[in-house]
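Here is the structure we will look at, set down as structure tokens.
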Amino acid sequence: MTDTVDDVDFPYAEDASKQEKISALQERLEVLEAQNEEMRDKLLDANAENNKYQQKLERLTHENKKLKQSPLFVATIQEVTDDGVIIKQHGNNQEALTEVTDEMKEDLEPDDRVAVNNSLSIVKELSSETDVRARVMEVTKSPEVSYADIGGLEEQMQEVRETVEMPLEHPDMFVDVGIEPPSGVLLYGPPGTGKTMLAKAVANETDATFIKMAGSELVHKFIGEGAKLVRDLFEVAREHEPAVIFIDEIDAIAAKRTESKTSGDAEVQRTMMQLLSEMDGFEDRGEIRIIAATNRFDMLDRAILRPGRFDRLIEVPKPDAEGRELIFQIHTRNMNVADDLDFAALAEDTENASGADIKAICTEAGMFAIRDDRTTVQRSDFEEAWEKIQAEEEDDEVSKTFA
Ligand SMILES: Nc1ncnc2c1ncn2[C@@H]1O[C@H](COP(=O)(O)OP(=O)(O)OP(=O)(O)O)[C@@H](O)[C@H]1O
């Protein structure tokens with residue numbers, strides 16, 4: 001129960017002298033001032049904490065709202081008539097007549113792509129196909145990642161080289177020996193372990209164009225376009241031979257079939273079928289290699305792992321202590337670190353860190369040094385950085401659980 005002002009009992013006896021009363025009151029005043037100060041600090045802290053939670057709440061509410069919004073479907077305008085606009089939905093090719101405002105009608109022409117909602121009303125006009133391609137595909141001529149930038153993963157690197165590099169650089173050897181090179185390579189393992197790096201490095205070393213597409217974007221950005229984008233992906237690769245196609249998060253398009261028959265699932269199936277048929281016709285594809293990556297190997301539909309498809313599986317695990325040491329060395333190459341920095345000890349301290357975590361630790365350690373007005377980064381900076389990153393990762397986990 002909180003004290004009220006009426007509860008005040010005076011810190012002196014009734015018969016105390018005036019002087020005694022003054023000094024007793026003085027003392028009490030000092031104590032109360034100190035308590036008041038302490039309370040104010042606590043209040044400030046609580047306010048700051050409250051603000052933080054408020055912001056988190058807003059972020060989660062926003063995220064929640066976004067997830068609940070129903071997806072849009074893509075359609076192409078067939079005809080603009082007096083009765084409305086005839087559209088053809090991508091995916092199921094169904095035609096429909098839909099009404100639009102006069103204002104929107106003025107802007108629409110046959111062949112324009114539009115996004116429609118569940119009741120087939122046009123929600124917005126979409127940018128042209130070339131823009132979509134550019135948005136979902138990352139095309140880089142010889143990306144700037146080399147094998148020397150990858151720490152640990154010697155075995156994985158060796159396997160990727162045999163299965164991707166050899167067929168690109170010496171296709172004749174496979175012909176001479178009379179065997180087919182593996183069609184596709186699937187890299188699987190936890191996030192941030194260097195799967196994308198491996199794919200980029202092999203493209204770089206073979207002077208190939210690196211073409212990346214994320215499985216999740218393929219199926220979640222605009223429903224109805226997945227299959228077409230897969231076709232486009234292989235077409236772009238053919239235009240840029242030699243090329244390495246990299247499909248990240250392949251589980252988004254090649255997950256095990258589920259019982260539900262929602263349009264989303266049907267769309268994912270169509271996208272996967274297109275990918276399988278592109279891969280099955282792969283012998284004629286010349287100098288194109290396909291690498292896919294997933295963090296969710298358990299979710300994959302086994303159809304994509306059949307011979308002739310992703311028939312070479314390479315596990316990319318989190319680095320062991322030796323791997324972590326190498327990755328620390330790589331990411332501190334351009335940093336001004338203390339001469340006596342013990343990389344092996346850092347590796348021991350950071351058990352369970354992925355390559356991406358180590359990169360983040362190095363940057364964060366540099367920030368700690370800067371905050372401390374130093375130009376040399378020392379062991380304690382790395383330790384603090386790892387603590388901070390672990391705390392942030394835990395926070396992220398909590399956010400995901402409540403989202
Ligand atoms: N083995 C490694 N050696 C050096 N750096 C690494 C390694 N693994 C990860 N990194 C660093 O982490 C970053 C992210 O790694 P990358 O994108 O290759 O991971 P990934 O396995 O493809 O992750 P995800 O599954 O999340 O797509 C890289 O740009 C690199 O800086």
Side-chain angles (χ1 to χ4, degrees), residues 136-138 140 142-161 164 184-205 210-220 244-255 289-300 310 312-335 337 343-344 346-347 350-367 382 385-386 389-390 392-393 396-397 400:
V136 292
M137 273 180 232
E138 170 192 325
T140 328
S142 296
E144 281 178 15
V145 176
S146 71
Y147 294 131
D149 296 326
I150 304 177
L153 306 184
E154 261 82 35
E155 269 172 47
Q156 288 81 355
M157 228 167 340
Q158 182 61 26
E159 262 200 88
V160 169
R161 295 185 77 154
V164 184
V185 174
L186 178 76
L187 306 175
Y188 66 98
T193 45
K195 297 182 288 298
T196 310
M197 280 189 105
L198 276 170
K200 281 191 174 166
V202 78
N204 174 11
E205 306 281 335
F210 176 78
I211 306 168
K212 175 182 163 181
M213 191 178 250
S216 58
E217 296 196 347
L218 215 59
V219 290
H220 297 316
V244 170
I245 293 180
F246 180 65
I247 306 175
D248 203 5
E249 301 170 64
I250 190 151
D251 43 280
I253 37 174
R289 300 279 104 201
I290 314 179
I291 304 179
T294 181
N295 305 324
R296 298 298 315 271
F297 185 67
D298 55 312
M299 272 180 52
L300 291 185
F310 291 101
R312 192 56 81 97
L313 308 181
I314 302 178
E315 185 179 5
V316 185
K318 280 197 180 172
D320 57 12
E322 203 181 319
R324 292 197 295 275
E325 187 177 339
L326 289 168
I327 301 174
F328 266 116
Q329 277 162 350
I330 289 171
H331 287 290
T332 50
R333 265 187 212 147
N334 298 322
M335 284 172 67
V337 295
F343 287 102
L346 274 186
T350 47
E351 204 185 332
N352 216 24
S354 66
D357 287 332
I358 295 179
K359 183 186 179 188
I361 293 173
C362 294
T363 311
E364 197 58 52
M367 293 304 297
F382 287 92
W386 179 219
I389 285 160
Q390 278 173 304
E392 279 170 2
E393 280 176 3
D396 266 5
E397 280 308 309
K400 273 187 208 144

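Sequential numbering from 1 along the given sequence is applied to the chain's residues. As the structure lists them, so they are numbered: ligands from 1, and atoms in each ligand from 1. Note that the coordinates shown come from a computational prediction; the quantities given were computed from them, not determined experimentally.
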Validation row: Arg333, Asp149 side chains within 4.5 angstrom (heavy atoms): yes
Which one of Gly151, Gly194, Cys362, Gly323 has a non-hydrogen atom at the shortest distance from atom 15 (O) of ligand 1? Gly194
Start with the C-alpha gap between Arg324 and Asp357, add the side-chain angles, then the distance that decides, and say whether salt bridge (Lys or Arg N to Asp or Glu O under 4.0 Å) holds. CA-CA 10 Å; Arg324 292 197 295 275; Asp357 287 332; over 6 Å; no
What residue and heavy atom of the protein are closest to atom 10 (N) of ligand 1, and at what distance? Gly355 C, 3.6 Å
Going by heavy atoms in the side chains, are Gln156 and Pro317 under 4.5 Å from each other? yes
With a 4.0 Å heavy-atom cut-off (strictly under), which part of Glu249 contacts ligand 1: side chain, backbone, both or neither? neither
May I ask you to check whether Met197 has an N/O atom sitting below 3.5 Å from an N/O atom of ligand 1? yes
Contact check, side chains of Phe328 and Ile361, non-hydrogen atoms, under 4.5 Å: yes
Please classify the Leu326 to ligand 1 contact at 4.0 Å (heavy-atom distances, strictly less than): side chain, backbone, both or neither. neither
Here the atoms of ligand 1 under 4.0 Å from any heavy atom belonging to Asn295 are 25 (O)
Residue and atom name of the nearest protein heavy atom (relative to atom 12 (O) of ligand 1), distance in Å to one decimal: Ala356 CA, 3.1 Å
Should the pair Tyr188 and Phe297 be assigned to parallel (<30°), tilted (30 to 60°) or perpendicular (>60°) ring geometry? parallel
Any nitrogen or oxygen of Ile327, main chain or side chain, under 3.5 Å from a nitrogen or oxygen of ligand 1? no
Ligand 1 atoms in contact with Thr193 (distance to a heavy atom under 4.0 Å): 1 (N), 8 (N), 9 (C), 19 (O), 20 (P), 21 (O)
Which protein non-hydrogen atom lies closest to atom 26 (O) of ligand 1, naming both residue and atom, and how far is it? Gly192 N, 3.4 Å
Side chains of Asn295 and Lys195: does their closest heavy-atom pair fall under 4.5 Å? yes
Are Ile290 and Phe310 side-chain neighbours, meaning at least one heavy-atom pair lies under 4.5 Å? yes
For the pair Phe210 and Val145, evaluate side-chain contact (heavy atoms from CB on, under 4.5 Å) and give the outcome as yes or no after the intermediate values. CA-CA 11 Å; Phe210 176 78; Val145 176; over 6 Å; no
Does Ala293 have a heavy atom less than 4.0 Å from any atom of ligand 1? no
So do Asn204 and Glu144 actually touch side chain to side chain, heavy atoms under 4.5 Å? no
Is there a side-chain contact between Lys200 and Thr196, using heavy atoms and a 4.5 Å cut-off? yes
Mark up the atoms of ligand 1 that fall under 4.0 Å of a heavy atom belonging to Asp248, in ascending order. 27 (O)
Protein heavy atom at shortest distance from atom 22 (O) of ligand 1: Thr196 OG1, 2.5 Å
Atom 5 (N) of ligand 1 sits nearest the protein heavy atom His331 NE2, 2.9 Å
Which residue holds the protein heavy atom closest to atom 31 (O) of ligand 1, what is that atom called, and what is the gap in Å? Lys359 CD, 3.0 Å
Measuring from the heavy atoms of Asp149, does anything fall under 4.0 Å of ligand 1? yes
side-chain contact (heavy atoms from CB on, under 4.5 Å) between Leu153 and Val160: does it pass, once the steps are laid out? CA-CA 10 Å; Leu153 306 184; Val160 169; over 6 Å; no
Minimum side-chain heavy-atom gap Val202-Ile291 below 4.5 Å: yes
At less than 4.0 angstrom from any non-hydrogen atom of Ile150, what atoms of ligand 1 do you find? 1 (N), 3 (N)
Which bit of Val316 is near ligand 1, meaning a heavy atom under 4.0 Å away: side chain, backbone, both or neither? neither
Which ligand 1 atoms, with their elements, are less than 4.0 angstrom from a heavy-atom of Leu153? 1 (N)
